[in-house]
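Below is one structure, written out as structure tokens; the observations come after it.
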Amino acid sequence: MVKSRQASPAPQTTLPPGPRSLPVVGNLLSLRLDPLGFLQQVQRTYGDMATLYFGKQPAVLLFRPEHVRYVLVEHPGAFSNRSLLQGNRNAALASEGLLTIDGEAHRQQRRAVQPAFHKKQVEGYASIIADFTQEILARWQPGEQVNLSQAMQELTLRIVSKCLFSIDLANQLAPLGAAFDGLLSNSTSSAVEDLLNIRVDHPLTAYGKRMAALRELDRVIYTLIAQRREQNRPGQDVLGLLLSAESGEADGGKLTEKQIHDHLLTFLAAGHETTAIALVWTFYLLARHPQIRTQLQADLAATLAGNAPTIETLAKVPMLDWVLNESMRLYPPAWLQMRTVAQETTLDGVVLPVGTLLILSQWVLHRRPDLWTEAEEFRPERWNPANEQSIPPGAYFPFGGGPRTCIGMPLAQLESKMILAMLLQRFSPEPSPEYIPGFQPGITLRPKHPLQVTLLSASPADSQTAETETGRVPELVRREKANRRGCLAALLSLLGFSGTAR
């Protein structure tokens with residue numbers, strides 16, 4: 001648990017200490033080698049607060065649950081998302097989406113689309129989720145090899161487009177998936193081009209690949225907007241609500257085409273990417289812990305008896321929540337959140353001037369050993385209320401917090417539980433024993449290598465052939481520590497586009 005503070009220290013006028021930085025590049029070399037491990041080591045060395053440098057730009061890392069609460073929940077108005085876009089290459093991507101706008105515009109535009117995420121509305125999406133998931137399962141056979149990363153990306157993209165925009169993208173999933181990969185994934189080459197301010201729009205450059213991906217997404221989104229306008233009846237899905245929404249800006253009026261485009265791009269990107277990644281990491285963890293998977297499959301069989309889940313039956317399988325919560329604790333799809341100080345703030349005795357960049361890391365706080373028992377281990381039972389494990393507010397925030405909590409959280413949670421329940425009733429996805437996921441810590445925390453699996457039957461006989469959990473837990477930890485190889489773009493990309501739609 002976090003130790004309680006005594007008397008507050010006198011305010012400091014300098015930023016907190018941190019690891020030594022190099023001229024010109026700051027701490028970027030350490031971040032290139034191992035961004036996840038480096039941030040954890042900074043916390044272990046410097047405690048609750050430390051300063052890094054992106055080149056010459058300082059960034060203050062905040063590592064206490066109380067810091068998360070202060071920034072995201074208690075004083076959100078004192079911190080800005082929008083200023084993160086200044087001078088950043090991602091500024092043109094979705095600068096007018098919910099993820100990046102601030103103030104009254106954010107409040108009003110979020111309220112405008114909130115009806116699409118009300119409880120009854122989200123529950124109505126269950127049949128879409130079940131139908132689309134069943135279509136995939138009907139095509140799969142025991143013994144078949146499947147790229148589960150690609151399958152989950154395409155499934156969640158199809159679900160979010162149908163639920164939120166009333167359009168079935170079944171025939172466009174492959175090109176759209178490739179476009180989102182080009183837009184969201186990050187590479188060393190793209191980071192180098194950014195640092196050198198290279199903007200060569202050519203198919204061989206990282207910048208050119210991003211622009212090509214964005215043009216493909218622009219084509220789909222602007223076509224979708226035009227088609228809905230031609231119908232002359234907005235509807236009550238997210239697109240319809242945006243077409244009818246007020247801007248919330250000082251000059252009033254409706255949202256512009258650019259604003260609607262950026263909202264749709266944000267919802268499409270965040271709405272499918274984070275859910276797909278959460279499911280992939282969950283299937284990976286369950287394969288590495290077959291006893292837990294077998295227990296969950298037994299609960300599903302007893303409750304659902306092979307049928308598609310409903311809102312009522314999902315509530316009778318609490319282990320689904322425990323497994324997904326624990327998966328997002330260990331592998332949070334949104335692994336960093338950034339804010340810029342908009343009003344001078346004193347936090348734990350340190351004065352943070354206006355313009356100071358702040359970083360909150362789900363990856364670090366979700367794995368702090370003083371906050372979590374056996375923090376590096378996959379233990380879904382820790383979420384069982386009967387175990388009475390105390391989790392400090394702010395220690396777990398996979399969907400953010402406060403007024404910018406991910407607006408799509410209810411849909412993402414329902415979607416994840418339904419897909420997990422339906423797939424595990426039919427199959428036990430088993431990766432190769434040699435499979436090592438690695439990490440691609442960019443805008444989201446993707447596995448570096450796609451999860452290729454063999455679809456074993458979900459019958460108990462097949463489950464017993466897997467390795468025992470006892471032997472796999474240390475192996476999982478060893479592989480994770482040995483393969484944290486990030487990329488130089490990991491944190492830079494988040495200066496303009498981080499996490500889920502908030």
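Just so we're clear, the structure is a prediction, and the values are computed from it rather than from any experiment. Quick note: residue numbers are just sequence positions, from 1.
Scanning all heavy atoms of the two residues, the minimum distance from Ile277 to Leu445 falls at CG2-O, 3.3 Å. Of all the heavy atoms in Ser416 and Leu279, the pair that sits closest is O-CD2, 3.7 Å. Considering all non-hydrogen atoms of both residues, Leu371 and Pro65 come closest at CD1-CG, 3.8 Å. Smallest separation of non-hydrogen atoms from Val42 and Ala50: CG1-CB, 3.6 Å. Of all heavy-atom pairs spanning Leu137 and Arg426, the tightest one is O-NH2, 3.3 Å. Here the shortest heavy-atom pairing between Gly400 and Thr405 reads C-OG1, 4.3 Å.
A side-chain donor-acceptor contact under 3.5 Å links Arg367 to the backbone of Leu330. Side chain of Thr156 to backbone of His272: a donor-acceptor contact under 3.5 angstrom is found. Although no hydrogens or angles enter the test, the distance criterion places no donor-acceptor pair under 3.5 Å between the side chain of Thr303 and the main chain of Leu300. Under the 3.5 Å distance criterion, the side-chain polar atoms of Asn27 are matched with a main-chain donor or acceptor of Tyr53. At least one donor-acceptor pair closer than 3.5 Å links the side chain of Arg293 to the backbone N or O of Pro429. Without hydrogens or angle criteria, Ser432 side chain to Glu434 main chain gives a donor-acceptor distance under 3.5 Å.
Within the 4.5 Å cutoff, side-chain heavy atoms of Phe427 are placed close to those of Pro142. Gln337 is listed as a side-chain neighbour of Leu72, based on a closest heavy-atom distance under 4.5 Å. Residues His263 and Val113 fail the side-chain proximity criterion, which asks for heavy atoms closer than 4.5 Å. Side-chain contact between His261 and Asp218 is present, with at least one heavy-atom pair separated by less than 4.5 Å. Taking the side chain as every heavy atom from C-beta outward, Tyr435 and Pro433 never approach each other to under 4.5 Å. Phe54 places none of its side-chain heavy atoms less than 4.5 Å from the side chain of Val25. Here the side chains of Leu242 and Leu264 are in contact, with some heavy-atom distance below 4.5 Å. Counting only heavy atoms from C-beta outward, the side chains of Leu451 and Val146 never approach each other to under 4.5 Å.
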Worked verdict on Met338 versus Leu357 for side chain to side chain contact (heavy atoms under 4.5 Å, CB included): CA-CA 7 Å; Met338 290 190 174; Leu357 177 65; 4.2 Å; yes
Test log, rule side chain to side chain contact (heavy atoms under 4.5 Å, CB included), inputs Asp237 and Arg228: CA-CA 11 Å; Asp237 59 6; Arg228 184 65 66 87; 2.8 Å; yes
Derivation of the side chain to side chain contact (heavy atoms under 4.5 Å, CB included) call for Glu415 and Tyr125: CA-CA 9 Å; Glu415 187 179 0; Tyr125 299 146; over 6 Å; no
Check against side chain to side chain contact (heavy atoms under 4.5 Å, CB included), Phe38 and Leu33: CA-CA 8 Å; Phe38 177 63; Leu33 290 173; over 6 Å; no
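Taking the six-membered ring wherever Trp is involved, the centroid distance between the rings of Trp335 and Phe439 does not fall below 6.0 Å.
Residues in residues 134-143 take part in these side-chain hydrogen bond (donor to acceptor under 3.5 Å, both in side chains) pairs, two or more places apart or across chains: Glu135-Arg158.
Counted by atom type alone, Glu154 and Gln150 present one or more donor-acceptor pairs between their side chains at under 3.5 Å. Using a 3.5 Å distance cut-off with no hydrogens or angles, the side chains of Gln297 and Ser428 do pair a donor with an acceptor. Between Thr454 and Glu430, the side chains place no donor N or O within less than 3.5 Å of an acceptor N or O (distance only, hydrogens not considered). A donor-acceptor pair shorter than 3.5 Å cannot be found between the side chains of Gln227 and Thr223.
In this structure, CE on Met418 lies 14.0 Å from CD on Gln413, to the nearest 0.5 angstrom. Here the CD1-CZ distance, from Ile225 to Phe165, works out to 9.5 Å after rounding to the nearest 0.5 Å. Taking CG of Leu268 as the reference point, atom CG of Leu164 lies at 8.0 Å (rounded to 0.5 Å). In this structure, the separation between OG1 on Thr294 and NE2 on His289 is 12.5 Å, given to the nearest 0.5 Å. Atoms CG and CD1, on Leu155 and Ile419 in that order, are 4.0 Å from each other to the nearest 0.5 Å. Annotation: the span from Gln153 atom CD to Glu273 atom CD amounts to 7.0 Å, rounded to 0.5 Å.
Residues passing the ring-ring contact (aromatic ring centres under 6.0 Å, His included) test with Phe117, sequence neighbours excluded: Phe267. Taking Asp131 as the reference, nothing meets the salt bridge (Lys or Arg N to Asp or Glu O under 4.0 Å) condition, with sequence neighbours excluded. The salt bridge (Lys or Arg N to Asp or Glu O under 4.0 Å) search around Glu381 returns Arg379, not counting sequence neighbours. Every residue two or more places apart in sequence or in another chain that forms a side chain to side chain contact (heavy atoms under 4.5 Å, CB included) with Thr282 is listed here: Leu286, Val323, Leu324, Ser327, Leu420.
Between Trp372 and Tyr396, the ring planes lie perpendicular to each other; the angle is over 60°, past the 30° to 60° tilted range. The aromatic rings of Phe397 and His366 sit perpendicular, their planes meeting at an angle over 60°, well past the 30° parallel limit. Ring planes of Tyr331 and Trp281: parallel class, angle under 30° (limits at 30 and 60°).
With Gln43 as reference, Val364 is the one residue of Leu62, Leu61, Val364 to meet the side chain to side chain contact (heavy atoms under 4.5 Å, CB included) rule.
Comment: Arg382 does not engage Glu374 in a salt bridge, judged by the lack of any side-chain N to carboxylate O separation of less than 4.0 angstrom.
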Would you be so kind as to tabulate the donor-acceptor pairs closer than 3.5 Å made by side chains of residues 305-316, with sequence neighbours excluded?
| residue | atom | partner | partner atom | Å |
| --- | --- | --- | --- | --- |
| Asn307 | ND2 | Leu304 | O | 3.1 |
| Thr310 | OG1 | Glu312 | N | 3.4 |
| Thr310 | OG1 | Glu312 | OE1 | 3.4 |
| Thr310 | OG1 | Thr313 | N | 3.2 |
| Thr310 | OG1 | Thr313 | OG1 | 3.1 |
| Thr313 | OG1 | Thr310 | N | 2.7 |
| Thr313 | OG1 | Thr310 | O | 3.2 |

